[in-house]
Structure formats: structure tokens, C-alpha cells
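See structure below.
Order of the sequence lines fixes the chain letters, A, B, ..., with proteins taken first and strands second; residue numbering starts at 1 for each chain.
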2 protein chains.
Amino acid sequence: MAKDTQNTDAVGFGTQIRKSPYFDATMRWGAAGYSVYNHMYIPRDFGDPVQNFWNLVNDAILCDVAVERQVEITGPDASRFVQMLSPRDISKCAVGQCKYVILTNEKGGVLNDPVMLRLGENHFWFSLADSDILFWAQGVAVNAGMDVTITEPDVSPLQLQGPRSGEIAHALFGDVVSDLRYYWLAELEFEGIPLVVSRTGWSSELGYEIYLRDGSKGDQLWEAIMKAGAPFGLKPGHTSSIRRIEGGMLSYHADMDINTNPFELGLDRLIDLDMDADFIGKAALTKIRQHGVTRKQVGLVIDGAPLAASNTTFWPVESDGKVIGKVTSAIYSPRLEQNIALAMLDIAYADNGTQAFAETSVGRLPVTVVPKPFYDPKKQLASS
Amino acid sequence: MAKDTQNTDAVGFGTQIRKSPYFDATMRWGAAGYSVYNHMYIPRDFGDPVQNFWNLVNDAILCDVAVERQVEITGPDASRFVQMLSPRDISKCAVGQCKYVILTNEKGGVLNDPVMLRLGENHFWFSLADSDILFWAQGVAVNAGMDVTITEPDVSPLQLQGPRSGEIAHALFGDVVSDLRYYWLAELEFEGIPLVVSRTGWSSELGYEIYLRDGSKGDQLWEAIMKAGAPFGLKPGHTSSIRRIEGGMLSYHADMDINTNPFELGLDRLIDLDMDADFIGKAALTKIRQHGVTRKQVGLVIDGAPLAASNTTFWPVESDGKVIGKVTSAIYSPRLEQNIALAMLDIAYADNGTQAFAETSVGRLPVTVVPKPFYDPKKQLASS
């Protein structure tokens with residue numbers, strides 16, 4: 001086995017890291033391994049990550065993503081304050097709608113890539129990736145001169161994802177959810193449990209996020225969904241690295257961090273530089289756009305035998321006798337029958353078709369730059 | 001085995017969580033388990049936590065605490081800015097000195113309890129507990145109107161702790177370190193490796209923190225210290241829950257969080273409310289001090305058989321037919337031959353000698369409120 005994967009490493013549980021409302025349920029349903037994200041345990045293994053992938057793309061999986069903590073922003077100046085944090089034009093986000101947002105600091109560095117949910121004119125949630133945006137937002141508010149309240153509410157999401165998720169959502173919640181348009185939300189009650197449901201997720205499949213608004217009901221909600229989903233093949237699962245890399249979806253800290261800007265990541269469409277409204281990072285990002293980026297995030301195909309595991313370090317990419325970048329996320333896709341990866345490369349090497357070498361955990365392997373996403377359902381259908 | 005402890009849970013490694021510069025070394029030296037803290041892996045197990053405790057209190061241990069990320073604040077207004085963040089009077093912190101600081105938000109809630117190191121008139125490090133103070137500080141700076149630079153430097157600490165640590169520090173670094181007064185620091189080079197060393201730590205033992213300022217030298221530094229320490233019985237180890245609870249030392253997220261204020265925690269001495277300088281949270285903390293606290297952090301002794309493991313959830317504490325608080329950190333001390341704990345209780349039940357019950361993972365057990373710390377070396381000597 002490759003050196004990177006040869007250890008079984010136990011995370012002992014303790015109160016320094018929180019348990020989600022679904023923790024006991026995931027244990028009962030076979031969770032074999034947990035990681036930590038936003039100071040909370042998240043199941044990352046139900047025994048076989050490849051089986052988890054097939055469950056997701058063929059049927060549906062239910063994933064405990066309570067670690068997607070919310071930052072709730074309310075108050076008379078909430079929408080003005082949220083615009084100040086957001087490079088996206090939030091006036092384009094209606095009440096009941098969601099937007100994928102890149103949050104940047106004054107240097108244009110990425111702090112988080114949350115989904116923003118607009119529950120009201122002045123009522124927002126940022127559904128977070130792995131960093132303390134509560135602290136960022138509270139810090140910004142200190143001298144902002146705005147009347148806002150910024151807290152972490154008792155909200156714990158689940159992801160219900162996969163082609164059969166619509167049928168399961170309908171069985172549970174009815175039309176109000178199964179009729180949702182992509183990136184819209186509904187507020188509802190289910191068996192007396194207050195919920196928000198959005199048509200969002202981290203899989204590029206049809207899917208929903210179910211936000212539990214009462215942490216004491218985690219067990220009840222989980223069991224109800226698994227029961228309703230049983231006839232449709234619903235399995236307990238975890239967010240699939242295979243599927244999200246196939247879809248070119250980014251993981252904060254892995255593929256981007258405070259030292260990357262959105263333009264290097266190819267996320268230009270999420271930065272409304274030309275809108276009138278100001279936002280934190282606007283000046284820096286304007287300069288970056290003027291000067292152009294010096295590196296770019298790309299897709300790679302990696303030659304060689306199927307990778308036994310995802311990379312556990314950044315793998316240097318080399319060409320012309322020098323390091324030209326790094327592989328950030330790599331995995332074997334059993335569907336594409338290829339090793340696929342996301343990488344950050346010097347701009348001169350970022351064009352499709354460029355060839356180079358990666359220093360991987362299993363040796364030096366040839367790589368080729370390819371377009372993302374790696375898997376496009378429409379193309380697959382056209383060629384079949 | 002109690003339900004809380006019956007799982008071996010694997011944290012698979014990946015690039016979404018960082019590896020410390022000492023990661024490979026700790027693997028080689030027998031690390032059996034890792035947790036996650038400030039988005040980085042930290043070794044939490046070298047096979048036997050009780051043996052680790054005895055190694056610490058009898059000889060010395062070397063611990064990878066690179067997860068104590070630094071927030072570096074420099075610039076012409078650095079000291080003004082740092083004072084704004086700090087409830088402690090930083091004018092009392094000389095260049096070369098360190099202070100234990102509680103960072104609070106506008107509501108007086110605790111954000112982190114770092115050690116602050118003053119490297120220069122306008123050069124500070126906050127050596128962090130587990131939360132993104134970089135984001136807090138950068139957020140505060142947005143509208144502060146001050147000329148400061150706030151970054152995470154390439155700095156990765158080790159803890160060298162235990163009664164023999166002074167001899168080991170002298171063997172490695174000479175008088176400049178072994179002569180350090182408590183909570184003072186030195187900057188030095190060792191085998192060409194740039195370091196800061198402070199006489200601080202999280203063990204209540206004699207000890208040092210060694211801040212590596214070049215992440216490529218982690219392996220070299222670790223090996224050099226283990227070699228120099230071998231004649232003194234130095235072992236690889238991890239921060240000891242047994243020792244820190246004996247010492248009444250607090251763990252952020254476990255014993256305190258954003259919803260606790262420093263007065264409830266008994267940390268009044270760290271809040272200079274009466275100084276002229278303003279700081280974030282001053283108004284709220286002034287009110288809290290006027291009104292008095294409604295709950296208080298206490299030490300508990302828990303009756304019954306030695307706890308097989310630390311608590312993995314907060315254990316309710318009950319008296320008079322109602323819940324009066326919670327156990328935050330509990331463990332069996334093999335030295336005191338007692339189950340000891342930290343708990344947050346309603347003020348009416350916080351006096352020494354109060355008796356109550358805790359609903360633990362092994363059933364309902366009697367508890368008694370006792371003074372902290374649980375272990376006082378001076379008293380032990382006096383009674384022996």
C-alpha cells in the first residue's frame with residue numbers, strides 16, 4: 001500500500017469537537033470513519049467509497065453534513081451588510097432563492113465558498129465550507145456601523161443526493177419540495193420538525209439539502225428519511241470525492257484557500273466586479289483582473305494504474321525541469337476508468353492538452369491538462 | 001465498553017486538512033491516532049495515554065502542536081490594534097515577553113485563548129487555540145482605520161514539557177533558553193534553523209514551546225530534539241488531558257466557547273476592565289461584572305470506578321430534580337486516584353462542597369464541587 005494510506009488512525013471522540021445531531025444515527029447505520037470540519041465530526045466512510053459513489057449516481061444517498069454550519073445574519077441592515085461581504089450582486093437573489101458565493105478578504109483571497117440562502121428581505125444564511133465565517137462576519141461588523149445580528153443558529157443540514165432523490169423528497173415532503181427549482185428553497189414542517197429544504201448539494205446530481213432547525217430531532221429526522229427512502233434504494237453515505245472531482249467541484253483548503261483568488265480558480269462568473277455596490281476585496285480583485293492571473297486551476301488526467309487512494313499531500317507537477325504547480329485533489333473514477341485530478345498550474349502550462357509529470361505517492365506519472373467537468377451527463381448520453 | 005468509546009474511527013488523510021511539518025516524524029515515532037485542530041492533523045495518541053502522562057510528569061515529552069497556528073500582526077499600528085483585540089493591558093507586555101490572553105467579541109463571548117508573544121514593539125504573534133482568529137482579526141481590520149498587516153506566518157510549534165525539559169533545553173540551546181523566565185521568549189538559530197522558544201505550555205509542568213520558523217525543517221528539528229533528549233528519558237507524546245485537567249486548564253470548545261464569558265470561567269484576572277484603553281467586548285463585560293454571573297466553572301470529583309475514558313459528550317449535572325449544569329471535561333487521574341472534571345454549573349450550586357449527580361456514560365454518579373487546580377505540587381510536597 002502506498003505510504004500515505006498505510007495507517008489506520010483513530011480520532012478519539014471528545015468534547016473539544018462537537019457531535020452532530022445525526023451522530024448516533026450514523027454510528028447505528030454503519031459509519032466506519034469520521035473527519036472533522038467546522039469543529040464537528042463528519043462521517044467520511046461507510047465501508048467502501050466506491051460503493052458509496054455507485055449508490056449516489058445510481059440511486060440516492062443520505063449524508064450527515066451538519067458540519068455545514070450556518071452564519072445567520074438578520075437586522076435592519078442585514079442585506080446591506082451581506083452585500084458588503086459578497087462579491088456577487090445579492091439584489092439578484094430573491095427571497096426564497098440561494099446563490100453560490102465566494103467570500104473574499106481585502107486582498108481578494110478566498111475565505112469560504114458558502115451557499116447563501118435568502119430566507120427574507122433581511123434574513124440570510126451562509127451555509128459554510130470549513131472556516132469560521134462567524135468570526136469574519138462578527139469582525140467586519142465591529143466597525144461597520146450597521147445594525148445587524150450575526151449568530152450561529154441551531155441548524156444542521158443533511159444532503160439527500162442522487163437520481164432518485166426527487167422521488168424520495170416527494171414521498172417525504174410533497175410537491176412543495178419536489179417542485180423546487182435548482183437553487184431555490186422552501187420552509188416547512190415535517191412531523192412537527194421545522195425544516196428548510198433547498199435544491200442544492202455537492203454532487204452535481206439531482207439533490208436536496210435538508211436543514212434541521214431543531215438539533216434535538218436529528219435521530220427522528222434521519223430515521224424518517226431512511227424509512228421513506230428504502231423503497232427507492234436510499235443508502236446512508238458521505239459526500240463523494242469521486243463525484244465531486246468528476247464534477248470539477250472545489251473543496252476549501254484543498255483546491256483553494258486564503259492565498260488563492262477567484263480568478264485563478266476560474267470563478268469569474270461569481271464576481272460581479274462591474275456592479276455599483278462595493279464589497280470587501282473589490283479593489284484588489286479589480287487590479288488582479290487588470291493584470292491577469294499568473295496561475296490557473298485546471299483538470300488533469302493522470303496516466304497509470306488506478307490510484308489506490310486520493311492524494312494526502314499536494315503533488316508537485318513538473319515540466320521543463322522545474323515545478324510548475326501542484327495537484328490539489330486526485331482520485332480514480334471507476335465510471336470514467338481514469339485517474340482524474342484538480343491542479344493549480346502556472347498559466348503558461350494551463351492550456352488543454354499540455355503534458356507534464358506529477359510526483360505522486362506512487363511515483364512520477366505523466367499528466368495531461370483537460371477541460372472540466374470530467375463528466376458531463378449530456379455528452380455521455382449523446383455518445384451512447 | 002461504554003458506548004462512547006466502542007468505535008475505532010479512521011480519519012482518512014486528505015489535502016482538505018493540512019499535515020504539520022512534523023507529521024512524518026510523528027508517524028515514524030509511533031503516533032497511533034490523530035485529531036484535527038485549526039485545519040491540521042495533531043497526534044493525540046502514542047498507544048497509552050496513561051503512560052504518556054507518566055512520561056510527562058516524571059521525565060519529559062515532545063509534542064507536535066503545530067496546530068497552534070500563529071496570527072502575526074505587524075505594521076505601524078500593530079500595538080494599537082492588538083490592544084483593541086485584547087482585554088489585557090498589553091502595555092504590560094514587554095518585548096520578549098508572553099501573555100495568556102482571552103480574546104472576546106462584542107458580546108464578551110470568548111473567541112480564543114491564545115498565548116500572545118511580543119517579538120517587537122509592533123510585532124505580535126497570537127499562538128492559537130482551535131478557532132480562526134486570522135479571520136476575526138482581518139475582519140476587525142476592515143473598518144478599523146489602522147495600518148496593520150495580519151497573516152498566518154510559516155511557524156509551527158512543538159511542546160517540550162516535563163521536569164527534565166530544562167536539562168534538555170539546555171543541552172540543545174544553552175543558557176539563553178534554560179535561563180528563560182516563565183512566559184518569556186528568545187529568538188535563536190539552531191543548526192541553521194530559525195526558532196523562537198518560549199517558556200510556556202499546556203501542562204502546568206516546567207516546559208517550553210519551540211516555534212519552528214521554516215516548515216521545511218520539521219523532520220530535522222524533531223530528530224535533533226529526540227536525540228538530545230534521549231539521555232534524559234525524552235519520549236514522543238501528546239498534550240496530556242490528565243495533566244491539563246489536574247491543572248484546571250481550559251480547552252476551547254470543550255470548557256468554553258463563544259457563548260461563555262471570561263467571568264463565568266473565573267478568568268477575572270485576565271480582564272483589565274479598569275484600564276483606560278478600550279477593547280472589543282469592554283462594554284458588555286462591564287455590564288456582566290456589574291450584574292454578576294449566573295453560572296460558574298468549577299472543579300468536580302466524580303465518585304465511582306475509574307472512568308475508562310474521557311467524556312465524549314457533555315454530561316448533565318442534576319440536583320433538586322433539575323439540570324443545574326454540565327460536565328465539560330472529565331477524566332481519571334492515576335496520580336490522584338480520582339475521577340476529576342471541569343463543569344459549568346448554575347451559580348447557586350457552585351460553592352465548594354456542593355453535592356450533585358452527573359449523568360455519565362456509565363450511569364448516574366455522585367459528584368462534589370472542589371477547588372481547582374486538583375493537583376498542586378507545593379501542597380503535595382508539604383504533605384509528604
Return yes if a side-chain donor-acceptor contact under 3.5 Å exists between B:D45 and B:H238, otherwise no. no

What distance do B:M249 atom CE and B:S329 atom OG have between them, rounded to the nearest 0.5 Å? 12.0 Å

Is the terminal nitrogen or CZ of A:K19 (NZ for Lys, CZ for Arg) located under 6.0 angstrom from the six-membered ring centre of A:Y41 and within 45° of that ring's axis? no

Using 0.5 Å steps for rounding, measure from the CD1 atom of B:I245 to the CG atom of B:L250. 10.5 Å

Under 4.5 Å, heavy atom to heavy atom, which residues of residues 101-111 of chain A contact chain B? A:N105, A:E106, A:L111

In Å and rounded to the nearest 0.5 Å, what is the OG1 to CG distance from A:T74 to A:D77? 11.0 Å

How many angstroms lie between atom CG of A:L134 and atom CG of A:L128, to the nearest 0.5 angstrom? 8.5 Å

Please determine, among B:N259, B:D255, B:I133, B:I258, the option with the most heavy-atom pairs under 4.5 Å with chain A. B:I258

A:R44 side chain to A:T239 side chain, donor-acceptor N/O pair below 3.5 angstrom: yes

Do you see a donor-acceptor pair shorter than 3.5 Å between the side chains of B:R243 and B:S333? no

Counting heavy-atom pairs under 4.5 Å with chain B, which one of A:A137, A:A144, A:S251 comes out on top? A:A144

Chain A-proximal positions within residues 63-71 of chain B [heavy-atom distance under 4.5 Å]: none

Exam field: side chain B:T15 to backbone A:T313, donor-acceptor pair closer than 3.5 Å: no

For the residue pair A:N112 and A:S131, confirm or rule out a side-chain donor-acceptor distance under 3.5 Å. yes

Check ring pair (Phe, Tyr, Trp, His ring centres under 6.0 Å) between A:F23 and all other residues, then give those that pass, not counting sequence neighbours. A:F13, A:Y34

Applying salt bridge (Lys or Arg N to Asp or Glu O under 4.0 Å), can you list everything that pairs with A:D257, at least two apart in sequence or on another chain? none

Who among A:Q138, A:H39, A:R18 has the most heavy-atom pairs with chain B under 4.5 Å? A:H39

Portion of A:L85 that has a non-hydrogen atom of chain B nearer than 4.5 angstrom: neither

Under a 4.5 Å cutoff for heavy-atom pairs, which residue among A:Y37, A:W136, A:Y252, A:F314 has the most contacts with chain B? A:W136

